[in-house]
Amino acid sequence: MSKTSDKGGASRRDFLKLASVSAPAAVAAATLTGTNAIAAPDTAGEGLRDTAHTKAYFDSARF
């Protein structure tokens with residue numbers, strides 16, 4: 001068997017070599033860009049509200 005396909009494309013082994021190199025390189029590039037993450041806004045007090053729907057759900061979910 002030849003290393004390349006009859007269609008002139010790269011072999012499966014070449015693809016796996018490229019994939020194993022490109023994935024860590026993409027992670028390193030994303031890490032080294034230096035952009036800061038934006039924090040989520042403070043949503044204190046906006047949790048689960050105690051309504052009739054939530055009470056019915058919790059009652060039905062009891063074991």
Side-chain angles (χ1 to χ4, degrees):
M1 268 190 144
S2 65
K3 290 188 177 183
T4 59
S5 65
D6 294 335
K7 297 178 183 178
S11 69
R12 181 172 43 181
R13 183 172 295 190
D14 292 337
F15 171 75
L16 292 174
K17 285 180 187 177
L18 181 64
S20 67
V21 172
S22 63
V27 171
T31 304
L32 297 175
T33 57
T35 58
N36 292 332
I38 299 172
D42 187 19
T43 57
E46 292 185 18
L48 183 66
R49 292 185 179 92
D50 194 20
T51 64
H53 292 95
T54 57
K55 288 179 185 177
Y57 171 76
F58 287 133
D59 289 338
S60 68
R62 289 191 182 147
F63 294 103

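Here the structure is a predicted model, which is why all the values come from computation and not from measurement.
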*Asks:* Work out which heavy atom in P24 is nearest to a heavy atom in A19; give both atom names and the distance.
*Replies:* CD-O, 4.5 Å
*Asks:* Listed by chain and number, what are the side chain to side chain contact (heavy atoms under 4.5 Å, CB included) partners of S20, not counting sequence neighbours?
*Replies:* none
*Asks:* Taking the hydrophobic residues Ile, Leu, Val, Met, Phe, Trp and Tyr, and joining any pair whose side-chain heavy atoms are under 4.5 Å apart, which ones share a cluster with V21?
*Replies:* none
*Asks:* Side chains of D50 and K55: does their closest heavy-atom pair fall under 4.5 Å?
*Replies:* yes
*Asks:* For D59, what residues pass the side chain to side chain contact (heavy atoms under 4.5 Å, CB included) criterion, not counting sequence neighbours?
*Replies:* R62
*Asks:* Once side chain to side chain contact (heavy atoms under 4.5 Å, CB included) is applied, do any residues pair with F15, and if so which ones, sequence neighbours excluded?
*Replies:* none
